[in-house]
Protein chains: 2
Amino acid sequence: MVTLADVAQHAGVSASTVSYVLSGKRTISEVTKQRVEHSIRELGYLPNAGARALASSRSNIIALMMPLRTDMYVPVMMEIAIAVATNAREHGFDVLMLTGEEGPSAVRRVVGSGLADAVILMDVELDDARLPLLRESGRPAVLIGLPAQTTGFTCVDLDFAGAGSLCAEHLAGLGHREIAMIGEAPAVYERKTGFAERTVDGLRSRARELGVRVLHRPCEGTYAAMASALGQIFTERPGVTGFVVQNEQAVEPLLSLLRQDRRAVPEDISVVAVCPEQVALQGSVRLTSVTIPAREMARRAVDHLIAKIEGKADDEVVLLQPELVTRASSGPAPV
Amino acid sequence: MVTLADVAQHAGVSASTVSYVLSGKRTISEVTKQRVEHSIRELGYLPNAGARALASSRSNIIALMMPLRTDMYVPVMMEIAIAVATNAREHGFDVLMLTGEEGPSAVRRVVGSGLADAVILMDVELDDARLPLLRESGRPAVLIGLPAQTTGFTCVDLDFAGAGSLCAEHLAGLGHREIAMIGEAPAVYERKTGFAERTVDGLRSRARELGVRVLHRPCEGTYAAMASALGQIFTERPGVTGFVVQNEQAVEPLLSLLRQDRRAVPEDISVVAVCPEQVALQGSVRLTSVTIPAREMARRAVDHLIAKIEGKADDEVVLLQPELVTRASSGPAPV
DNA sequence: CAGAGGAGTCGAAGCGCTTCGACAAGGCGG
DNA sequence: CCGCCTTGTCGAAGCGCTTCGACTCCTCTG
């Protein structure tokens, strides 16, 4: 193992000089710098992470906590996680992966031991048990999601209410007067994550303004559940011509069932999805959709977090503006 | 911040005693132990990770490297990652998430700096660029997958060849004489990950023994790609009555297209999938499938890795035995 | 031409923990 | 009843790095 001291000796300078070359915290003459850097390369020196963390009380590690709810849509989480890791690296940080298994106290452990400098929380509930612990710790934190009480945290999320109203506007603009919303699985609502409700609220209130009737049905992402939900919807509201789907697992079942039912998309029925772009593109029909910008959320979260670590950012609620892209699954309401 | 010394003082013992209570590496009388543990709780002491790593040259961190190929099936990766993290915690380890973005040298950085004690590599290619670096580092490593050259590593993977032959046996046993295999996307084969080829090989050789003809078609997981592949298959081999699908994104398109084509599953066509259990269960038809045991793979990988860290395990190739579960998508060949 | 101040470097003091050797106190066999 | 081993505890020496103050040259400025 090569140490700082070895490099210093090899370059004929003191250890502190090498350290300053590495950190750039003091001016070092160009010659010395070159010499030191050459020695570093020559010896294949890599600073010891533990020693660094101990001396500087900074680990350059961000903890990413993602509880694993099987009912939660996994690809979005994964995309965010990957993007967080990639982004963090660009700032010189690594990412520690925390699952929900350990419970809220994982936050305390990781932050209290100095293992992580800061925390990103995913899948945040309205009244999340991890938040008090995090607040107490005083460490920088960013939430992906929007809890009831945001003081002390920066929150990054899609403006789901806005997404809902965009869907309402789109369908209303195409002449639809009765629409149904296929929501997330009931378990998601029970868990009180907030985003599902916000979407419905946004959809509802804009629809009301535009004179459109809305029927909302939470639904699991299986064929069976979808079939039953669809049956109920058409029984209760035979005039429904537009669908908004938030549960991405339900998208294919819905399309498939409509097809079986001999209802053409978009001629008879228009479908708008709230989902990641990939899902909108890869199905049997290219879906008109409001994209869930996973990468963008991750990028914002990391950038904010780094800024907070460096003491140059305040708490803030960042709601990303949703965009609706019209594709092949929506069209004018039938006459 | 509470330190070991604070605890020692509070308990009226020396720092080393506290350390030994924590690590259990020397015998400590029950009374002292109680007293120390009480002080720890009282003060809310958490050992500093950096100091610990520095002094013991063990970070208790495992690096999990998962390159992000968009063509790779994401949920399996995610399931493995989560299971790795959860399992590692049970052994007192945390997991550092590495993406492919940084390139193979990420391995060197993380291991050379002492940030991670060991490494788990996912999505291993036959001739993976990360392997030489890892070998050189001398750190314990487990690969999830099977490269061409395994010396120096423990490898954990599903016996995909066995999975292939199970599929052949199942379909042959039901009387099918001509089967088609829908493989992974062409990009997967080009990347030389090995598992896709092994499945085909296993399927082919067992099929030959059983007198079954096999047609193999790599296929992307989109409707369009599937439609075209299916057209070609039935043109080339009109007598095909059995399908083996390895690309899980292709499963729903296949079923949907067969339905459209008025070919009933399982009456006219039998379908066997190689996929995680969840995928087999949640579609429009409950699929006969060979499960990809993501969690089990993760568990084995972590257990082996920990054993290697503690110096009590050798390199080994662990191929998990595949199991075929018969469900609603396969039945006797039509007469 | 003296003094101020900047640039470049060094030495040393930790950071909080682990671990090794030492040592005191008691239990045992011979 | 002495020496020996075991058990329980302590002190001190690091682990490899960061960082603060101090010091030495220079280069300006008045």
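Just the heavy atoms: all of them, side chains too, but no hydrogens, waters or symmetry mates, feed the values below.
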Whole-Å distance separating the [atom1] atom of [X] from the [atom2] atom of [N]:
X: Met1(B); N: dC17(C); atom1: CE; atom2: P; value: 7 Å
X: Lys33(A); N: dT9(C); atom1: NZ; atom2: P; value: 10 Å
X: Leu43(B); N: dG16(C); atom1: CG; atom2: C1'; value: 15 Å
X: Leu115(B); N: dC15(D); atom1: CG; atom2: P; value: 20 Å
X: Asn48(B); N: dG16(D); atom1: CG; atom2: P; value: 17 Å
X: Gln34(A); N: dG8(C); atom1: CD; atom2: P; value: 14 Å
X: Asp6(A); N: dC15(D); atom1: CG; atom2: P; value: 11 Å
X: Leu54(B); N: dC15(C); atom1: CG; atom2: P; value: 13 Å

[X] vs [N]: side-chain N/O to OP1/OP2 distance below 4.0 Å:
X: Thr17(A); N: dC10(C); result: yes
X: Tyr45(A); N: dC17(D); result: yes
X: Ser19(B); N: dT18(C); result: yes
X: Ser14(B); N: dT9(D); result: no
X: Lys25(A); N: dT18(D); result: no
X: Thr32(A); N: dT9(C); result: yes

N-O pairing of Glu37(B) and Lys33(B) below 4.0 Å: no
[X] atom [atom1], neighbour heavy-atom count above 12 within 6.0 Å:
X: Arg35(A); atom1: CZ; value: yes
X: Glu296(A); atom1: CD; value: yes
X: Arg89(A); atom1: CZ; value: yes

Ile82(B) versus Thr99(A), closest heavy-atom pair with distance: O-CG2, 3.8 Å
Nearest atoms (heavy-atom pairs only) where Leu98(A) meets Asp94(B): CD1-OD1, 3.7 Å
Nucleotide nearest Ile28(B) when distance is taken to its side chain, options dT9(D), dC17(C), dT19(C): dT9(D)
5'-most by nearest nucleotide on DNA chain D - Ala51(B) or Ser56(A): Ala51(B)
5' precedence on DNA chain D between Leu22(A) and Val31(B) (nearest-nucleotide basis): Val31(B)
At less than 3.5 Å, do the side-chain atoms of [X] and the base atoms of [N] form a donor-acceptor pair?
X: Tyr20(A); N: dC17(D); result: no
X: Arg26(B); N: dT9(D); result: yes
X: Ser29(B); N: dG8(D); result: no

Sugar-phosphate, base or nothing in reach of Thr27(A), heavy atoms under 4.0 Å: base
Upstream residue (5' side of DNA chain C) when Gly50(B) and Ser23(B) are each assigned their closest nucleotide: Gly50(B)
